[in-house]
Amino acid sequence: MKKYISLCLIIALTSCSLDETPSSELPESVAYTSVENLYLNTVATLYNYVGGYEDGQGLQGTNRGIYDLQTFGSDEAMIPLRGGDWYDGGLWEAMYKHSWTAGHDLMKNSWLYLYKVITLCNRSLETLDTYKDLAGEVNHRTWTAEVRALRAMYYWYLIDLFGDVPLVTNSNVSMNEVKREKRAVVFKFCEDELLAVVNFLSDENSTREGDYYGRITQPVAFFILAKLMLQSEVYTGVPRWADCISYCDNLEYMGYSLELAYSSNFLVYNQNSKENIFTIPMDKNLFSNQQQNIIRSLHYRHAAAYGYNGENGTCATLKTLQVFGYPDNLDSRFIDCYHFSYVYGPQGEPLYDRAGKPLKYEPDKVLLDLSGSPYVETAGARMYKYQFDKNAIKDGKLVDNDIVLFRYADVLLMRAECKERLGLDGSADFNAVRARAGAKERECTLDNLYDERLMELCWEGWRRPDMIRFHRYQSLYDGLDAIDESDGHTTVFPIPADVRALNQNLTQNPGY
């Protein structure tokens, strides 16, 4: 069952830059004495890093990293200043106002994390080549394919966030030798790598417990290729809508389909979803991966009712409320994704705020700075989406809901959008997603697709790239000190200052 990933914990590599030596590698005399150990210490161990338990680590589930850049730099969610809470040196205000600088921790964390995993992939590929005879021809080919695909995925995240980035395929490259490569060149590298290896990957569903649970398989590669094609115009200046449709078709042919109920994808023990394509496996008794985003959002007393320490931070923006039709024309997915009224404890008991009043979230009272507001602690609709695991441990952060990274509803919306951009009819896919949510049929236009993606995919880390692709990426803030984003410079983040301090060859993105 979940044995595969627990075996990955046999080794933990902790490199943080392109030329560091891991501090806890097993010696070769132990690590590469058998085919099984070779696999565990070159391929399986890499999956330890897809999730995480520390700030800035993992693709989702933790704080102050990639997920926060994709979410709080968008119009989907925010962390307002709540009196003395959540100032954090202006960190979250800067995300909302798009006034971040090269010294911003979220950019640094994300850059170092992504290159850490890429460096580990490079080392694994080199080790697999060194021990090719031990692996055998078939294992060498399939294991190498898996690592190359994983590395391509991490480069995709890098070009999405930072634009031009160093393209490094050798683990021995010094930081002082690295230079940035054009975004379009790294895009082509990602595409070529995935196409070169996809036929050597298993066609298994990686979200089901078993030998391929949590691994890069053909469906995962096809999804990444679809996303690359969807964003191709952003990354390279050349649209590839038809290619995106083709990769989406592949996923349909592989048997993915919508769950009958939207919420099924996010339940405790959601490994049986026929819709999820790639997830971060979660098991509070086996893995260290954490889901910190729910507790970060819940009011102190709300979380305390379950025995946890809520952080009373994250909430939906007023723009999100508008798209969901709050309060009078509410899309059903708002109920599935947000706490937005009175809340109750695990036994249905009423809860009270710290002033002794019934605890009620006030979605439309949210402001960037709530200091002095009577709703300072209760303003904003809070994250729900994932079914609350009442048996969670580690202060509610070790749960049994696998974190959903890629799913089929997104595939349908990607295909619908690309068809519309090509002058074709995308209404069947578009309205299939709406019908599953119990929503009425709607004309499939680009404007409606843009809103649909927010409603369907909220809290899943897609809003920033969607906004950029639709040419709508700008801050919601319109105060006197609002920055000028007309040149589009905020559509990529700055190269972190600390990284540039180590390597003067790294130029900065325009506008920073």
Side-chain angles (χ1 to χ4, degrees), residues 63-111 160-163 231 234 296-297 313-324 326 362-376 379-381 446-447 450-451 453-454 458-459 461-497 500 507-512:
N63 302 329
R64 293 176 175 252
I66 292 169
Y67 178 82
D68 287 0
L69 290 179
Q70 301 287 40
T71 302
F72 300 116
S74 77
D75 63 2
E76 176 189 325
M78 62 189 297
I79 303 183
L81 179 60
R82 299 182 184 274
D85 293 339
W86 293 106
Y87 175 63
D88 290 357
L91 184 87
W92 307 110
E93 177 185 32
M95 289 305 301
Y96 184 84
K97 296 169 69 173
H98 291 195
S99 59
W100 48 71
T101 66
H104 202 282
D105 279 350
L106 273 60
M107 290 87 182
K108 176 183 175 181
N109 292 345
S110 299
W111 178 282
D160 185 76
L161 294 169
F162 297 103
Q231 296 288 116
V234 174
R296 178 167 57 164
S297 188
T314 313
C315 64
T317 65
L318 294 177
K319 175 64 177 179
T320 291
L321 300 185
Q322 175 189 339
V323 172
F324 271 99
Y326 180 87
E362 303 282 356
D364 56 356
K365 300 298 191 294
V366 68
L367 301 168
L368 176 58
D369 186 352
L370 288 162
S371 302
S373 166
Y375 308 105
V376 62
L446 289 178
D447 284 345
Y450 181 66
D451 287 347
R453 289 189 62 82
L454 176 58
C458 67
W459 298 125
W462 295 117
R463 188 58 173 174
R464 174 187 160 273
D466 287 348
M467 294 181 73
I468 293 170
R469 187 174 68 258
F470 279 86
H471 305 289
R472 301 186 190 184
Y473 191 67
Q474 60 183 21
S475 172
L476 293 172
Y477 182 72
D478 58 1
L480 294 176
D481 56 343
I483 67 168
D484 183 0
E485 299 181 76
S486 60
D487 60 357
H489 74 278
T490 59
T491 59
V492 291
F493 293 111
I495 308 302
R500 292 189 68 221
T507 57
Q508 186 54 275
N509 281 323
Y512 294 109

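All heavy atoms count here, side chains included; hydrogens, waters and symmetry mates do not. All values derive from a computational prediction rather than experimental measurement. Numbers for residues simply follow the sequence, beginning at 1.
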side-chain contact (heavy atoms from CB on, under 4.5 Å) with [X]: which residues, sequence neighbours excluded?
X: Asp487; result: His489
X: Lys365; result: Glu362, Tyr375, Ala379
X: Ser297; result: Thr314, Arg382, Met383
X: Thr491; result: Ile468, Tyr473

Gap between atom NE2 of His98 and atom CD of Gln474 - 0.5 Å precision
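Here the rounded value is 8.5 Å.
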Tyr96 side, atom OH; Leu476 side, atom CG - distance, nearest 0.5 Å:
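One gets 4.5 Å once the value is rounded to the nearest 0.5 Å.
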Donor-acceptor pairs under 3.5 angstrom involving side-chain atoms of residues 87-95: please list them, not counting sequence neighbours.
| residue | atom | partner | partner atom | Å |
| --- | --- | --- | --- | --- |
| Asp88 | OD2 | Arg64 | NH2 | 3.1 |
| Asp88 | OD2 | Trp92 | NE1 | 2.9 |

Would you say the side-chain atoms of Ser110 pair up with the backbone N or O of Met107, donor to acceptor, closer than 3.5 Å?
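No; judged by distance alone, with no hydrogens or angles, the pair does not exist.
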Does the ring of Tyr450 carry Arg463 above it, NZ/CZ under 6.0 angstrom from centre and within 45° of its axis?
yes
With sequence neighbours left out, write down each residue that passes side-chain hydrogen bond (donor to acceptor under 3.5 Å, both in side chains) with Asp85, or none if nothing qualifies.
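Tyr300.
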Heavy-atom count check: over 12 atoms from other residues, nucleotides or ligands less than 6.0 Å from Lys108 NZ?
no
If you take all heavy atoms of [X] and [Y], which pair is closest and at what distance?
X: Val492; Y: Tyr512; answer: O-OH, 2.8 Å
X: Asn63; Y: Arg296; answer: OD1-CZ, 3.1 Å
X: Val376; Y: Gly83; answer: CG2-N, 3.5 Å

